[in-house]
Amino acid sequence: MQRTSLLLLSAAVLLAAAVVEVHAGPPPPVKLSPDFYSQTCPRAERIVAEVVQSKQMANPTTAAGVLRVFFHDCFVTGCDASVLIAPTHYAKSEKDADINHSLPGDAFDAVVRSKLALELECPGVVSCADVLALASRVLVTMTGGPRYPVPLGRKDSLSSSPTAPDVELPHSNFTIGRIIELFVAKGFTVQEMVALSGAHTLGFSHCQEFAARIYNYRDKGGKPAPFDPSMNPTYAKGLQAACQDYQKDPTIAAFNDIMTPGKFDNMYYVNLERGLGLLSTDEDMWTDVRTKPFVQRYAANNTDFFEDFSKAMEKLSMYGVKTGADGEIRRRCDTYNSGPTTQ
């Protein structure tokens, strides 16, 4: 009887061990939440807001720069702060990609300062990826745009590719069809692409990005013209005058939105209807049948634009996020805690 009891007990122990072994393994993925830091760093959002608002007041182009860095980060391997990694003598990073050379230093500085302030209050808690996402939302709202949800809990990347950005990101000379393909491949609709493009209501573009529209222009048949005939003539001539020395000074630039360059609104779309779009991709968005209805809708209704932009930004901020062992909480945003992982 005693032996039978021992055998049954042994079987029960083995069964329990088997159950533990079956249920052991990686923990369930961390769910992102706007309240992710409510216990560990409750003032996180306020700290980021104070730093970036101060930076924006001192340098009014900061908002556009941070938004651009955020997009360049998320569209390449996801929203994981991989774009913030500084290259070293031993390893290149996304900053080495040609398309990222023009990312503004003020944007990186805003994130670095925010992270430093957070480390003083909550060391090792808030990721750089979350700092960049929060900073983007704060600056959209500060410049007059909508306040949209920002789920938090991202980890920072363990790698940063110097070649991926030039492949993954849309370029200013891409056709609208190719840009749509890029967005669709990442799970975004044409409408979401048009809504996100509304961020061009802030910031500027360097003359070299639109020089082909205002100098030595030739139409699809090869016929020369003073400038792209789809442009408002007064606007085109003004750009020709402003950019005349751009080859000597590549830093010369023009506002993307000539009417309200420092305000987040729907004027970007209104400008497209008036021939005041700066880049060829802007003009294409107005003429292409797939995108034109959304341009018209947002030009006519700022509320619709804000609602769709908010949804698209929340979706973008969730793209390719890293959680758990797939990332880390960097102590400094421009360097890994213990070196990059091999790619």
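Note that the structure is predicted; figures quoted are calculated from it, not measured. Residues: numbered from 1 along the sequence shown. All values below come from the heavy atoms of this structure, side chains included, with hydrogens, waters and symmetry mates left out.
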Visitor: Could you check whether any side-chain heavy atom of Phe108 comes within less than 4.5 Å of a side-chain heavy atom of Lys95, counting everything from C-beta outward?
Guide: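 Heavy-atom side-chain distance check passes, below 4.5 Å.
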Visitor: Could you check, using the six-membered ring where one of them is a Trp, whether Phe305 and Phe264 have ring centers closer than 6.0 angstrom?
Guide: yes
Visitor: Ring centres of Tyr148 and Phe306 under 6.0 Å apart?
Guide: no
Visitor: Of all the heavy-atom pairs spanning Ser82 and Asp73, show the shortest one and how long it is.
Guide: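 Closest pair (atom of Ser82, atom of Asp73, distance): N-OD1, 3.0 Å.
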Visitor: Taking all heavy atoms of Thr281 and all of Ile176, pick out the closest pair and write down the distance.
Guide: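 Smallest heavy-atom distance, with atoms named: O-CD1, 4.3 Å.
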Visitor: Side chains of Met313 and Phe70: does their closest heavy-atom pair fall under 4.5 Å?
Guide: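 Touching, per the 4.5 Å side-chain cut-off.
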Visitor: Would you check, one step at a time, whether the test salt bridge (charged side-chain N to carboxylate O under 4.0 Å, His left out) holds for Asp109 with Lys55?
Guide: CA-CA 9 Å; Asp109 185 58; Lys55 181 74 178 178; 2.7 Å; yes
Visitor: Write down the atom of Thr143, the atom of Ala63, and the distance for their closest heavy-atom approach.
Guide: CG2-CB, 3.9 Å
Visitor: Looking only at non-hydrogen atoms, find the nearest pair between Asn266 and Asn302 and report the distance.
Guide: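 Between these two residues, the closest heavy atoms are N-OD1, 3.0 Å.
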Visitor: Determine whether Arg297 and Val194 make a side-chain contact, defined as any pair of heavy atoms from C-beta on separated by less than 4.5 Å.
Guide: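 Arg297 does not reach Val194 side chain to side chain.
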Visitor: Run through Thr260, Asn256, Asp257, Asp282 and flag the one making a side chain to side chain donor-acceptor pair (under 3.5 Å) with Tyr268.
Guide: Asp282
Visitor: Closest approach of Trp286 and Val295, non-hydrogen atoms and distance?
Guide: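 Scanning both residues, the minimum pair turns out to be CE3-CG1, 3.7 Å.
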Visitor: Does Pro104 reach the side chain of Phe204, with side-chain heavy atoms less than 4.5 Å apart?
Guide: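 Sidechains of Phe204 and Pro104: no contact.
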